[in-house]
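Note that the structure is predicted; figures quoted are calculated from it, not measured.
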Amino acid sequence: MIALLLKVGPWLAGLVGIIAGLFMRQQAKTSKAEAAQEVAESRKEVAEHNAAAAQASANAAQERTNVENEIAGLSADAVDKRLRDDWTRP
């Protein structure tokens with residue numbers, strides 16, 4: 001019995017090692033795919049935030065231009081009155 005175990009034992013150990021290696025390889029592939037998915041999601045989120053920031057910046061620049069154009073069309077007295085009315089405490 002011991003002789004049979006000594007002949008078959010190394011083969012069984014090798015087979016168990018191969019199966020364990022295949023299992024570990026599959027786990028590594030799965031982990032790598034999950035990490036790649038997370039990176040892609042993070043990049044997409046950053047791109048969305050950048051687009052929103054660019055839109056907000058464009059809106060602020062347009063509003064500034066509108067105010068500058070409005071003020072440029074007013075007389076000095078009208079500008080002074082507007083500043084006094086809008087920027088002083090009641």
- Query: Please, which pairs that meet side-chain hydrogen bond (donor to acceptor under 3.5 Å, both in side chains) have at least one residue in residues 35-45, sequence neighbours excluded?
  - Reply: Q37-E41
- Query: Does any pair with a residue in residues 48-57 pass side-chain hydrogen bond (donor to acceptor under 3.5 Å, both in side chains), and if so which ones, sequence neighbours excluded?
  - Reply: Q55-N59
- Note on the structure: Closest non-hydrogen contact found for L74 with A78 is CB-CB, 4.0 Å
Tell me which donor-acceptor pairs under 3.5 Å the side chains of residues 25-34 have, and how far apart each pair is, sequence neighbours excluded?
{"from": "T30", "atom 1": "OG1", "to": "Q26", "atom 2": "O", "distance (Å)": "3.0"}
{"from": "S31", "atom 1": "OG", "to": "Q27", "atom 2": "O", "distance (Å)": "3.1"}

- Message: Applying salt bridge (Lys or Arg N to Asp or Glu O under 4.0 Å) as the test, list every pair that has at least one member in residues 66-84; sequence neighbours left out.
- Response: R64-E68, E70-R82, D80-R84, K81-D85, R82-D86
- Query: Mind checking who shares a hydrophobic cluster with I19, ILVMFWY linked at side-chain heavy-atom distances under 4.5 Å?
  - Reply: L15
- Query: Partners of V67 by side chain to side chain contact (heavy atoms under 4.5 Å, CB included), sequence neighbours excluded?
  - Reply: E63, I71
